Amino acid sequence: MAAEAFPGIPRIPFEGPGSTNPLAFRHYDPDEMVAGKSMRDHLRFACAFWHTMRNPLGDPFGRGTAQVPWDDGSETVENALRRVDVFFEFLEKIGIEFYCFHDRDVAPEGHDLDASSEILGKVVEHLSARQEESGRKLLWGTACLFEHPRYAHGAATSCSVDVFAWASAQVRRALDATHELGGLGFVFWGGREGYSTLLNTDMQRERDHLARFLHMAVEYKESIGFKGAFYIEPKPMEPTSHQYDSDAASCLNFLREYDLLDAFQLNIETNHATLAGHSMEHELMVAAGAGRLGSIDANIGHPHLGWDTDQFPMDIAEAARIMLIVLGQGGFTTGGLNFDAKRRRESFEPVDLFHAHIGGMETFARGLKIADAIRRDGRIEEFVRSRYASWDSDLGRRIEAGELTLPELEKIAREQPPPVLASGRQEMLESIFNEFL
Ligand code: XLS
Ligand code: NI
Ligand code: NI
């Protein structure tokens, strides 16, 4: 193997809360047991190949700044294989067990579909060998159906049937690759599955096409025996002005409408939730309530910026709110916490990849412990339970069981004294939550 890409950076150790070493963990001890499970198994961290290896850290006003001494900038197979080696060195040093990729992050496109498949095949072989050596696993794969100019009008929702066919070919191959690598899941994020203006858009036809596309993916998945989970990743906008997978509720409705609900779970991303005008907590609760919370893209937006800034998750209270819901549903099964996050343009040195991921991991380690402590304390849970206590009465039970009609309820209401309400105690509950931070 070639020289180290991150010389002088050792495997990041756990040094405990007293440490001031920025390249050490103070709170994330993978073996520490929390609520009967190791932190490693609770958190199931994953690293995103695209941000870690391929994001040049450009913005709409300036070119990329990322220092990538291992990358010669060419679209060759050799360069792609070298990036894989660097990525696995990073995974091993940072102590992250899972990763995620798009087909086009790991392998450049060839001059036609067959050439692209061949290149992807070579890279997959290499990824497979590195997985084997390192014990690292693929949390999910996906197909990049948004970067190439051919997808300008969308992929599965393109006005061009030929683009739809091309996207089908690409998803087929990306599924093969994910299957070959033993991936635990496959994500469909509707990169450009939406519109810029309704003046040129047949919305219902496009939605029908997207559903057809997903049905074909499910059929293909079954035909090759791929057992991983399928996830839809909601996002309301950007790059389009409206995406059909705009939030958890609209995704669930879409899946139900097209008889796809059994085949998909949701992969919820924090910054997408906030772009949709929701809290992450809201999106997670909608997904979990439908039994469809599969995985999480862990990042965070900037409160002043109205786009997907994909910042590393550094908000401990937010991580605690997320982990409360994850613990509440009994943890992850196939999913995990994927750092779909990039460094700021100013953090361009390779070592910043470590600082960024360490920060995100520490945030979630603390979030996990806080959420566990809040659950063990039980005051908030008990408050919620008692807030609905009137529903545990005979009347509540009969309404919930669908045994009463409007006229019958009118009779009951008339015979009773007017309802008396109790306070919602929001500020008291917020203070209890804060006690644990
Ligand atoms: C973009 C999305 C994307 C998906 C995978 O905003 O978050 O990165 O996670 O295609
Ligand atoms: Ni994402
Ligand atoms: Ni995103």
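These numbers were taken from a predicted model, which means no experiment stands behind them. Counting starts at 1 for both ligands and their atoms, in listed order.
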May I have the step-by-step check of side-chain contact (heavy atoms from CB on, under 4.5 Å) for L214 and I232, ending in yes or no?
-> CA-CA 10 Å; L214 297 176; I232 302 259; 3.8 Å; yes
Which word best sums up how the rings of F254 and Y258 line up, parallel for under 30°, tilted for 30 to 60°, or perpendicular for over 60°?
->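 F254 vs Y258 ring planes: tilted.
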Between K369 and E32, is the closest basic N to carboxylate O distance under 4.0 Å?
->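 Counted as a salt bridge, because a side-chain N and a carboxylate O are separated by less than 4.0 Å.
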Any ion pair linking R150 and D162 (charged N to carboxylate O, less than 4.0 Å)?
->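 Looking at R150 together with D162, the answer is no, because their closest N to O distance does not fall below 4.0 Å.
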Note every protein N or O atom lying under 3.5 Å from an N or O atom of ligand 1, pairing the names and giving the distance.
residue  : atom   : partner : partner atom : Å
ligand 1 : 6 (O)  : K235    : NZ           : 2.8
ligand 1 : 6 (O)  : H272    : NE2          : 3.0
ligand 1 : 6 (O)  : D308    : OD2          : 2.9
ligand 1 : 7 (O)  : E233    : OE2          : 2.7
ligand 1 : 7 (O)  : E269    : OE1          : 2.7
ligand 1 : 7 (O)  : H272    : NE2          : 3.2
ligand 1 : 7 (O)  : D340    : OD2          : 2.8
ligand 1 : 8 (O)  : D340    : OD2          : 3.0
ligand 1 : 9 (O)  : E233    : OE1          : 2.7
ligand 1 : 9 (O)  : E233    : OE2          : 2.9
ligand 1 : 9 (O)  : D297    : OD2          : 3.0
ligand 1 : 9 (O)  : D340    : OD2          : 2.9
ligand 1 : 10 (O) : H102    : NE2          : 2.7

Are there over 12 heavy-atom neighbours, none belonging to [X], within less than 6.0 Å of that residue's [atom1]?
{"X": "E257", "atom1": "CD", "value": "yes"}
{"X": "Q67", "atom1": "CD", "value": "yes"}
{"X": "K37", "atom1": "NZ", "value": "yes"}

Taking the six-membered ring of F354 (Phe, Tyr or Trp), confirm whether the NZ or CZ of K93 is under 6.0 Å from its centre and within 45° of its axis.
->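 No cation-pi geometry.
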Would a line drawn from the ring center of F45 to the ring center of F98 be shorter than 6.0 Å?
->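 Not under 6.0 Å, so no.
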Give every protein N, O or S atom lying under 2.8 Å from the Ni ion (ligand 2), naming each by residue and atom.
->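 The answer, once waters are left aside, is E233 OE2, E269 OE1, D297 OD2, D340 OD2.
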Considering only N, O or S atoms of D308, the one closest to the Ni ion (ligand 3) |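 Output for this pair reads OD2.
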Look at the side chain of N79 and the backbone N and O of D72, then say whether any donor-acceptor pair between them is shorter than 3.5 Å.
->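 Side chain of N79 to backbone of D72, a donor-acceptor pair under 3.5 Å: yes, one is there.
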